[in-house]
> 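Next up is a structure, given as C-alpha cells.
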Amino acid sequence: MGPITAEVEVDAPRERAFELLADLALRPTFTDHFVTDFHLTRIEPRGVGAGARFRLALWPRSIWMDTTVVESEPPHKVVERGFGGRGNRIPTRTVWEVLEGAGPLTLLRVSLWTEPSNPVDIALEKLSGAAMRLERDLREAMRRAREILESEAPPGKRVGVAGGNAHATGIP
C-alpha cells in the first residue's frame with residue numbers, strides 16, 4: 001500500500017520542525033491518537049540507528065510495528081524502515097520531510113509505504129480499509145504537530161528506554 005501521504009504548512013522554523021519529527025522520543029506527542037504502547041529500542045532517540053516499537057490501531061485489529069531511522073539529513077528529511085504485522089513480515093518505509101513553504105511557512109510531509117507479500121496480509125490490508133484509515137490518522141498527526149510547533153509550550157513528555165540512564169539522555 002502506498003504511498004500514503006499527509007502534509008501541513010506550519011509557521012515555525014525548519015530546524016525546530018525537523019527536531020520534532022526526527023526525535024522518536026517526542027513522536028507520541030502527535031501520534032498517540034492511533035499509536036499506542038510506544039517505546040524506544042535504543043537509548044539515543046535521534047539520528048541513524050534510533051528505533052522504536054509500537055502498536056498501530058487499524059480496525060479491526062491493532063498490529064505491532066517497529067521502525068528504525070536509516071537516513072537523516074538535517075533539516076530536510078528523515079527516512080525510516082521497519083516491519084510490522086504478524087511475525088513482523090510486512091516491510092514498511094516512512095519518509096518525514098521538512099520543506100520550504102510559501103513565504104515564511106514550512107511544509108511538513110510524511111509518506112508511508114507497506115509492502116505485504118503474504119496473500120493474507122494483502123487481503124487484510126485491502127478489506128480493512130487500512131489505507132484510508134492511515135491517511136486520516138496521518139493528516140491528524142500533521143495537524144497536531146503544527147499545533148505543537150506553533151505554540152510556545154514545550155512539545156510534551158519524552159518517551160524513554162526502560163533501564164536507560166535518564167541523566168545521560170536528558171530525559172526526566
Side-chain angles (χ1 to χ4, degrees), residues 1-8 10 12-58 61-99 106 108-117 121 130 134 137-138 140-142 144-149 153-172:
M1 142 179 78
I4 297 170
T5 302
E7 59 183 38
V8 67
V10 299
R14 283 176 73 178
E15 292 75 18
R16 185 162 178 243
F18 181 82
E19 287 175 22
L20 176 68
L21 297 179
D23 191 342
L24 293 180
L26 294 174
R27 191 70 55 85
T29 60
F30 59 93
T31 61
D32 64 354
H33 61 287
F34 71 108
V35 170
T36 60
D37 300 324
F38 190 95
H39 62 275
L40 298 175
T41 58
R42 301 206 175 36
I43 291 177
E44 179 53 49
R46 295 181 281 298
V48 174
R53 184 149 174 86
F54 52 90
R55 192 177 285 269
L56 186 64
L58 290 173
R61 62 193 179 129
S62 64
I63 58 173
W64 281 101
M65 304 281 291
D66 64 299
T67 189
T68 303
V69 176
V70 295
E71 186 180 328
S72 180
E73 299 174 16
H76 308 288
K77 180 168 58 170
V78 175
V79 178
E80 300 172 16
R81 289 208 180 260
F83 292 92
R86 185 181 195 112
N88 260 3
R89 64 185 179 204
I90 303 171
T92 64
R93 181 173 182 234
T94 309
V95 178
W96 301 86
E97 297 175 283
V98 183
L99 309 167
T106 300
L108 306 182
R109 179 183 302 142
V110 59
S111 300
L112 172 73
W113 294 263
T114 62
E115 302 165 7
S117 58
D121 294 330
L134 267 174
D137 287 337
L138 288 173
E140 175 66 14
M142 291 290 92
R144 293 176 71 189
R146 178 179 58 205
E147 288 177 5
I148 291 168
L149 290 166
K157 186 173 165 82
R158 297 174 58 84
V159 174
V161 176
N165 183 347
H167 297 290
T169 60
I171 298 173

> Can you tell me how far apart NZ (Lys77) and CG (Leu21) are? Round to the nearest 0.5 Å.
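Reported value, rounded in 0.5 Å steps: 14.0 Å.
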> Once rounded to the nearest 0.5 Å, what's the spacing between atom CZ of Phe18 and atom CG of Leu149?
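Reported value, rounded in 0.5 Å steps: 13.0 Å.
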> Check step by step if side chain to side chain contact (heavy atoms under 4.5 Å, CB included) holds for Asn88 and Arg53.
CA-CA 11 Å; Asn88 260 3; Arg53 184 149 174 86; 3.6 Å; yes
> Would you compute the distance between atom CG of Leu134 and atom CG of Leu56 and round it to the nearest 0.5 angstrom?
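It is 5.5 Å, given to the nearest 0.5 Å.
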> Can you name the nearest heavy-atom pair linking Phe38 to Arg27, along with the distance?
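In terms of heavy atoms, the two residues are closest at CZ-CB, 3.9 Å.
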> Any non-hydrogen side-chain atom of Met142 less than 4.5 Å from a side-chain atom of Arg109?
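Met142 vs Arg109: side chains apart.
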> So which heavy atom on Ala57 is nearest to which on Ser62, and how close?
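Taking Ala57 first and Ser62 second, the nearest heavy atoms are CA-CB, 3.9 Å.
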> Roughly how far, to the nearest 0.5 Å, is CZ of Arg158 from OG1 of Thr29?
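These two atoms lie 10.0 Å from each other.
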> Does a donor on one side chain sit under 3.5 Å from an acceptor on the other, for Thr67 and Glu80?
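Distance-only check passes for Thr67 and Glu80.
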> Are there over 12 heavy-atom neighbours, none belonging to Arg86, within less than 6.0 Å of that residue's CZ?
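Counting neighbours around CZ of Arg86, 12 or fewer heavy atoms of other residues, nucleotides or ligands fall under 6.0 Å, so no.
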> Would a 4.5 Å heavy-atom cut-off, applied to side chains only, mark Leu108 and Val10 as touching?
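Yes, their side chains come closer than 4.5 Å.
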> Quick check for you: to the nearest 0.5 Å, what is the distance between Asp137 atom CG and Thr31 atom OG1?
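Rounded to the nearest 0.5 Å, the CG-OG1 separation comes out at 10.0 Å.
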> Can a donor-acceptor pair be found, under 3.5 Å and without considering hydrogens, that links the side chain of Glu97 to the backbone of Leu99?
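Side chain of Glu97 to backbone of Leu99: no pair is present.
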> Measure across Trp96 and Thr94 and return the closest heavy-atom pair with its distance rounded to 0.1 Å.
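That closest heavy-atom pairing would be NE1-CG2, 3.4 Å.
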> Just verifying a value: how many Å separate Ile90 CD1 and Ile63 CD1, rounded to the nearest 0.5 Å?
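Rounded to the nearest 0.5 Å, the CD1-CD1 separation comes out at 5.5 Å.
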> Backbone N or O of Val98 within a donor-acceptor pair of the Arg14 side chain at under 3.5 Å?
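Flag set: sc Arg14 to bb Val98 pair under 3.5 Å.
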> For Thr106 and Ala12, indicate whether the former's side chain and the latter's backbone hold a donor-acceptor pair under 3.5 Å.
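Here the side-chain-to-backbone pair exists.
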> At their closest point, which heavy atom of Leu40 faces which heavy atom of Pro45, and how far apart are they?
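Closest approach of Leu40 to Pro45: CD1-CB, 3.9 Å.
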> If you look at every heavy atom in Ala52 and Thr41, which pair is closest and at what distance?
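Taking Ala52 first and Thr41 second, the nearest heavy atoms are N-OG1, 3.5 Å.
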> For the residue pair Phe83 and Thr92, what are the closest heavy atoms and their distance?
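It is N-OG1, 3.8 Å.
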